[in-house]
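Notes follow the structure.
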2 protein chains.
Amino acid sequence: MGSRVTIRDVAAVAEVSPATVSRVLNADERVAPELRERVLAAVERLGYRPNSQARSLRTQATRVIGLIISDIQNPFFTSLVRGVEDAAQASGYSVVLANSDEDLGKEQQYLRVAAAEQMAGVILSPASSSRTRIGELVHEEIPVVTIDRRIAADVDSVAVDNVAGARQAVEHLLQTGARRVGVIAGPEDVSTAADRLEGYRAALRAAGLAVDPELIVRGDFRIDGGHRAAARLLDRPDRPDALFAANNLMLIGTLDAMAERGLTAPADLLLAGFDEMSWAGFAPPLTLVEQPTYEIGRLATQMLLRRIAGGTAAAEHVVLEATLKVRASSDLVRRAV
Amino acid sequence: MGSRVTIRDVAAVAEVSPATVSRVLNADERVAPELRERVLAAVERLGYRPNSQARSLRTQATRVIGLIISDIQNPFFTSLVRGVEDAAQASGYSVVLANSDEDLGKEQQYLRVAAAEQMAGVILSPASSSRTRIGELVHEEIPVVTIDRRIAADVDSVAVDNVAGARQAVEHLLQTGARRVGVIAGPEDVSTAADRLEGYRAALRAAGLAVDPELIVRGDFRIDGGHRAAARLLDRPDRPDALFAANNLMLIGTLDAMAERGLTAPADLLLAGFDEMSWAGFAPPLTLVEQPTYEIGRLATQMLLRRIAGGTAAAEHVVLEATLKVRASSDLVRRAV
DNA sequence: GCTGGGCGAGAAATCGATTTCAGAAATCGA
DNA sequence: TCGATTTCTGAAATCGATTTCTCGCCCAGC
């Protein structure tokens, strides 16, 4: 019947009271060295492991942080998860992972679970910037840090400078010779999508080019949506001479659509995307705006832990840099690279 | 200060005892309809949510199942996770997800967490068939179901018939005209890898061909390993005329290695792999042995829930079918498909 | 009319830890 | 030497639920 060994058993073996055992285990200094020894020996001998339910019932605090991701399948999140786990573990916290799958309903449910389980804190990549509701967590006073995307509520966030990243990519396309750059943008209510679109516009304006609304098509940050959006752009009589996909999965959809039409980059058009695609295997190598994903996870966790420890300052918004990696898909000269 | 509303508050408002509130909430029949009404109204009005720590401390049972995956980044697991979540949720359980990253140390740590948190059960895709240790869970009498891979211990498992799947793929390659089929096999201590290699051998034997050990190279089920293994095969003076990669990530590595050498399938050699690759975007479309991933997750969860409910029969091993999907990468005739 | 059985509801025990409180022993200062 | 602190330890309260125990009441049966 499992976790049979309780603190009383340890106390009995060590011939002390349960209170003393608890003190020893919680690094309370004022315990005689001799008793401490006896307790530790008993713990060792019995293989005692404190019952975490009982502990957190009493202390009203768990050492678990929730990590709610909008799309686990997206490799962007994988190394981010590692950053979170490493930082959390270093402070003795464990991480539970959930996949909202860009679904507001699922997201809501996980947020409820986090509140019900009284998790110490939550790191969230919100499915929507305007419709995600963290009310339950706020009510339970559970701190929240958003990653990758911001939300309306006043909480900490960690993200990259999406405007600058997208702008760099589009400016690069223009410098390489593109004149009509199509963009496969993300969903309207995701801040990341809005920012990247803004970067696209900024690049055009800086180059003195008009923003043609016909060249802006929205996808859903997933493969299918990217495929449909790219198809619409590619089937225009005046086909764009470059495409910028606002995230990695939509870039895959774009590659699909191009393959169907027998088009290749950079020969037929230039191509750039956002977010890592370490699955590799793509020909040609793709020009991408890359994010420091591990770092995002690590920083977000540290901010969260500070909040948990009791920081009550105003919400902090950390903005990291995204860097453009030019590769063959957008580079006529270095095509062979 | 969060979850302030306790069962006593509800009891006070409804003017009954806490015991009665508990009975109403746990569907105990013998409560007068009138009191039941009052209790439900009070619960509603106060927004009462039972404290799950307190509950599971008393009942000695959580409604959480752990899902420990060997590589989250592998899309194979994504729809499997969905299958688990759907089935768990239908029975009122929540799922916590962990990524062992094919690392025995991490795996061990998560297993320990599962034991410490007294999870109701664990679904595990073990990092190793021989070195994974589930002793702690067994000790706590926490049921375990392994997926995708088997382990030495006597626990339930759900997997596909990897031998038959691999055999089908290799037989297909032979029928399409291949004579020297190279295989990029998986790690020695993973049952899945051993089975698929066995299927490869069986196909050759059935065709009356000798098994050339030079054509068998081991990878690590990851992109890099697949890349190195494929490179070794491709650089041989007597290059194989077909390759079978034992999982999806190694197939990507194989594609990389081929691209570096200017080789394409099916023109230069035939190509087949194992596991879905729904990221698509690959040219040519790939011949793959596909698994019913969602179903694996769903079935594993149902088995686990039966164990949790108290089934004590002998370990059950469910074997599903994997089906070969022939696509252009191995099909000279239907190359245009 | 009295007893016994059944049922519904509250009081209290319980789960396993932490923490407060109080008392005994040790230390210190005068 | 004695009283006043301080230090250490154990007894008991506590966290918030569930569950056992107990009691009062009602009704049926003899």
Side-chain angles (χ1 to χ4, degrees), chain A residues 1-40 42-43 46-64 92 115-120 140-141, chain B residues 1-40 42-43 46-64 92 115-120 140-141:
Chain A
M1 263 282 235
S3 194
R4 257 293 148 73
V5 185
T6 77
I7 199 171
R8 314 193 84 83
D9 301 327
V10 176
V13 169
E15 297 182 302
V16 298
S17 73
T20 300
V21 176
S22 173
R23 284 193 264 260
V24 170
L25 266 44
N26 290 283
D28 190 323
E29 291 308 322
R30 40 193 202 154
V31 174
E34 189 207 327
L35 294 194
R36 175 182 305 277
E37 280 309 312
R38 292 220 305 266
V39 167
L40 291 177
V43 164
L46 298 176
Y48 169 68
R49 296 192 147 284
N51 178 316
S52 61
Q53 265 100 260
R55 164 178 286 169
S56 55
L57 174 59
R58 178 66 234 240
T59 61
Q60 304 287 57
T62 62
R63 292 183 79 79
V64 173
E117 298 283 334
Q118 311 214 86
M119 292 181 183
E140 304 277 340
E141 296 193 351
Chain B
M1 267 279 238
S3 195
R4 258 292 147 72
V5 184
T6 76
I7 200 172
R8 314 194 83 84
D9 301 327
V10 175
V13 169
E15 297 182 302
V16 299
S17 74
T20 300
V21 176
S22 174
R23 283 193 265 260
V24 170
L25 266 46
N26 291 283
D28 188 323
E29 292 308 322
R30 42 196 200 152
V31 174
E34 190 206 326
L35 295 193
R36 176 183 304 278
E37 280 310 310
R38 292 219 305 266
V39 168
L40 291 177
V43 165
L46 299 177
Y48 169 68
R49 298 192 144 284
N51 178 316
S52 61
Q53 265 100 258
R55 163 179 287 168
S56 55
L57 174 58
R58 178 65 234 239
T59 61
Q60 303 289 54
T62 62
R63 292 181 80 78
V64 173
E117 298 283 333
Q118 312 214 85
M119 291 181 183
E140 304 279 339
E141 296 193 351

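Only a predicted model underlies this, so the values are computations on that prediction, with no experimental measurement involved. Chain identifiers are assigned alphabetically (A, B, ...) following the order of the sequence lines, protein sequences preceding nucleic acid strands; residue numbering begins at 1 within each chain.
The shortest non-hydrogen separation linking A:Asp9 to A:Val5 is OD2-CA, 3.4 Å. Shortest non-hydrogen contact noted between A:Pro18 and A:Ala11 is N-CB, 3.6 Å. The two residues B:Val16 and B:Val39 make their nearest non-hydrogen contact at CG2-CG2, 3.9 Å.
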query = For B:Asn51 and A:Gln118, what are the C-alpha separation, side-chain angles and deciding distance, and is it a side-chain contact (heavy atoms from CB on, under 4.5 Å)?
reply = CA-CA 8 Å; B:Asn51 178 316; A:Gln118 311 214 86; 3.3 Å; yes
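Whole-Å rounding puts the A:Leu25 CG to C:dT18 C1' distance at 12 Å. Note: CZ (B:Arg8) to P (D:dG16) measures 10 Å, nearest angstrom. When the C1' atom of C:dT20 is taken as reference, atom CG of A:Asn26 falls 15 Å away, rounded to whole Å.
A:Arg38 meets the salt bridge (Lys or Arg N to Asp or Glu O under 4.0 Å) test with A:Glu34; sequence neighbours excluded. Partners of B:Ser22 by side chain to side chain donor-acceptor pair (under 3.5 Å), not counting sequence neighbours, listed by chain and number: B:Asn26. Applying the side chain to side chain donor-acceptor pair (under 3.5 Å) test to B:Thr62 and every residue at least two apart in sequence or in another chain returns nothing. Under the side chain to side chain donor-acceptor pair (under 3.5 Å) criterion, A:Ser52 pairs with no residue at all, not counting sequence neighbours.
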task = Treat primed atoms plus P, OP1 and OP2 as sugar-phosphate and everything else as base, then score nucleotides 8-15 of chain C 5' to 3': B for base contact with protein heavy atoms under 4.0 Å, S for sugar-phosphate contact only, - for none.
result = SBBB-BBB
key: Dot-bracket pairing map - DNA chain C, Watson-Crick plus G-U, both contacts under 3.5 Å, | cross-strand   = ||||||||||||||||||||||||||||||
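For D:dG16, neither phosphate oxygen OP1 nor OP2 lies less than 4.0 angstrom from any side-chain nitrogen or oxygen of B:Tyr48.
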